[in-house]
Amino acid sequence: MEITIQLDSAGKQLQLFGQADSHLRLLRQSLGVQVTARKSSLIITGEEQNVNRAAEIINKMQKRLIKCGSLTTADVNGFITRSGSLTVSDTGEAIAVYSHKKVVEPSTKGQLKYVETMLANDLTFCIGPAGTGKTYLAVAIAVSMLKKRQIRKIILARPAVEAGEKLGFLPGDIQAKVNPYLRPLFDALEDMMDFAQMKKFMELDIIEIIPLAFMRGRTLNEAAIICDEAQNTSPLQMLMVLTRLGHGSKMIVTGDITQIDREPDQKSGMVEAIELLRRIKGIGFTQLSQKDIVRHRLVQNIVQAYKKKQNLSSNL
């Protein structure tokens with residue numbers, strides 16, 4: 001089968017095709033199609049299903065380039081990974097979260113449900129594997145609420161639990177020791193607003209990025225509170241966090257219950273909370289899966305390989 005696509009972004013072919021045609025090469029390798037450039041058009045040949053998928057991906061690449069002014073290899077990888085599944089744009093129910101730099105959109109049906117759950121509930125629990133956008137979308141919702149003045153501040157918190165290395169071995173004072181644990185929250189936030197604005201908000205305490213223990217004794221009104229990596233909380237820590245919720249606030253608790261770094265005999269506070277609170281009205285629950293992974297296309301395969309090994313071990 002062969003189809004020809006007229007390019008809407010003819011003046012941005014270099015960005016669309018990628019450096020040394022890297023984006024087109026990625027399409028060829030991933031889908032087994034031939035993609036040939038002809039002036040202001042692309043000719044795609046191959047098996048019908050793969051040609052249609054490639055055409056759909058190129059259409060999304062053009063829309064991203066026109067909307068955001070840029071197109072990265074990560075964007076193209078994401079389109080390839082998600083091709084063939086129903087996306088937010090296909091549903092007609094697109095929920096866009098606006099940040100300072102760009103529009104942030106859920107990319108899968110699972111992510112769409114997650115965003116809808118966060119918007120509909122004052123407290124949301126989200127579990128899922130690495131790369132599913134648990135933290136990223138939660139931060140985007142918080143930034144959006146701050147911009148709309150629906151809240152007065154954002155609290156981003158994480159338990160400082162080691163994954164095989166001891167906190168005391170890290171150099172520096174307590175702030176220097178906990179910063180590596182909070183880095184993923186900084187990364188997500190930096191993608192939502194420019195550095196100068198983020199720094200100003202942090203100086204004014206409009207945005208706080210803190211270890212979980214620093215929340216004790218506080219009542220947080222008119223705030224968006226995100227507890228990340230919550231699978232590593234103890235039951236008492238989780239109770240402490242949940243009872244910080246004040247008037248006009250929204251709380252989002254995220255974690256991957258397959259990556260608990262607590263001692264084997266210590267129960268996860270997040271697991272216990274989900275068991276105890278599942279039937280309470282006003283609390284939302286979302287479970288993301290491998291299908292919702294939007295990082296590099298290899299991440300899905302990596303997660304699948306480890307899950308397969310875990311299933312084999314449990315059956316022995």
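Bear in mind that the values here come from a model prediction, so they are computed numbers and not experimental data.
- Note that the CG atom of L16 and the NE2 atom of H23 stand 8.5 Å from one another [nearest 0.5 Å].
- Proximity of a side-chain donor or acceptor of T117 to a complementary backbone N or O of K113 within less than 3.5 Å is detected.
- A pairwise comparison of heavy atoms in S249 and N221 identifies OG-C, 3.3 Å as the closest pair.
- Salt bridge status for E275 with K267: present, with a side-chain N to carboxylate O gap under 4.0 Å.
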### Query
Stepwise, does the side-chain contact (heavy atoms from CB on, under 4.5 Å) test hold for L212 with Q237?
CA-CA 8 Å; L212 201 64; Q237 283 178 321; 4.2 Å; yes
#### Entry: Step-by-step side-chain contact (heavy atoms from CB on, under 4.5 Å) determination, R262 to S234
CA-CA 8 Å; R262 299 183 59 77; S234 69; 3.4 Å; yes
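- In this structure, Q231 and D256 approach most closely via the heavy-atom pair OE1-N, 3.1 Å.
- Counting only heavy atoms from C-beta outward, the side chains of L24 and L42 approach each other to under 4.5 Å.
- Within the 4.5 Å cutoff, the side chain of M145 has no heavy atoms near those of the I154 side chain.
- Here the straight-line distance linking atom CE of M215 with atom CD1 of I155 works out to 7.0 Å at 0.5 Å rounding.
- A donor-acceptor distance shorter than 3.5 angstrom exists from the side chain of R28 to the backbone of V35, with no hydrogens or angles considered.
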### Message
Let's go through S144 and K148 carefully: what are the C-alpha distance in whole Å and the side-chain angles of both, what is the deciding distance for side-chain contact (heavy atoms from CB on, under 4.5 Å) to 0.1 Å, and is it a yes or a no?
### Response
CA-CA 6 Å; S144 175; K148 294 175 183 176; 3.5 Å; yes
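- Interatomic distance, OG1 of T135 versus CG of L189, reported as 12.0 Å (0.5 Å rounding).
- In terms of heavy-atom proximity, S268 sits nearest to A230 at OG-O, 4.2 Å.
- For N232 (side chain) and I260 (main-chain N/O), no donor-acceptor pair under 3.5 Å exists by modelled atom type.
- If you take CD1 on I58 and CZ on R53, they are separated by 12.5 Å, rounding to the nearest 0.5 Å.
- With hydrophobic clusters built from ILVMFWY side chains whose heavy atoms lie under 4.5 angstrom apart, F214 shares a cluster with V241.
- Between I3 and A55, the shortest heavy-atom contact is CD1-CB, 3.4 Å.
- Residue pairs that meet the ring pair (Phe, Tyr, Trp, His ring centres under 6.0 Å) test with at least one member in residues 230-283, sequence neighbours left out, do not exist here.
- At least one donor-acceptor pair closer than 3.5 Å links the side chain of S30 to the backbone N or O of L26.
- The side-chain heavy atoms of T108 and K291, taken from C-beta on, include no pair separated by under 4.5 Å.
- By the rule that hydrophobic residues join a cluster once side-chain heavy atoms approach within less than 4.5 Å of another member, M192 and F195 end up as members of one cluster.
- Cluster annotation: L276 is connected to I283 through the hydrophobic network of ILVMFWY side chains, with a link wherever side-chain heavy atoms come within less than 4.5 Å.
- Between the CG atom in L119 and the OH atom in Y114 there is a gap of 11.0 Å [rounded to 0.5 Å].
- In this structure, D75 contributes its side chain and T72 its backbone to a donor-acceptor pair below 3.5 Å.
- Residues I44 and E2 have side chains not in contact (no heavy-atom distance under 4.5 Å, counting atoms from C-beta outward).
- Contact annotation: the side chain of F125 approaches that of L277 to within less than 4.5 Å [non-hydrogen atoms, C-beta and beyond].
- With hydrogens and angles left out, the side-chain atoms of Q15 and Q13 include no donor and acceptor closer than 3.5 Å.
- Under a hydrophobic-cluster definition in which Ile, Leu, Val, Met, Phe, Trp and Tyr are linked whenever side-chain heavy atoms come within less than 4.5 Å, directly or via other members, L239 and L123 are assigned to different clusters.
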### Test log, rule side-chain contact (heavy atoms from CB on, under 4.5 Å), inputs M240 and L236
CA-CA 6 Å; M240 179 272 290; L236 284 177; over 6 Å; no
Which pairs of donor and acceptor atoms, one on a side chain in residues 199-208, lie under 3.5 Å apart (sequence neighbours left out)?
residue, atom, partner, partner atom, Å
E208, OE1, R218, NH1, 3.0
E208, OE2, K153, NZ, 2.6
E208, OE2, R218, NH2, 2.8

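- Under a hydrophobic-cluster definition in which Ile, Leu, Val, Met, Phe, Trp and Tyr are linked whenever side-chain heavy atoms come within less than 4.5 Å, directly or via other members, I274 and I280 are assigned to the same cluster.
- P159 has its side chain within reach of E229: a pair of non-hydrogen atoms, C-beta onward, lies under 4.5 Å apart.
- In this structure, R64 is not positioned above the aromatic face of F79 in the sense of NZ or CZ being under 6.0 Å from the six-membered ring centre and within 45° of the axis.
- Formation of a donor-acceptor pair under 3.5 Å by the D292 side chain with backbone atoms of L288 is not found in this model.
- Crowding of Q150 atom CD: a count of heavy atoms from other residues, nucleotides or ligands under 6.0 Å exceeding 12.
- Here CD of Q62 is found 5.0 Å from CG of L7. Values are rounded to the nearest 0.5 Å.
- Counting only heavy atoms from C-beta outward, the side chains of T45 and M1 never approach each other to under 4.5 Å.
- A pairwise comparison of heavy atoms in G46 and V51 identifies N-CG2, 3.3 Å as the closest pair.
- Contact record, K134 with T254: O-CG2, 3.9 Å, taken as the closest heavy-atom pair.
- Counting heavy atoms from C-beta on, the side chains of R38 and T4 never come closer than 4.5 Å.
- Of the N and O atoms on the side chains of N121 and T124, not one donor lies less than 3.5 Å from an acceptor on the other residue.
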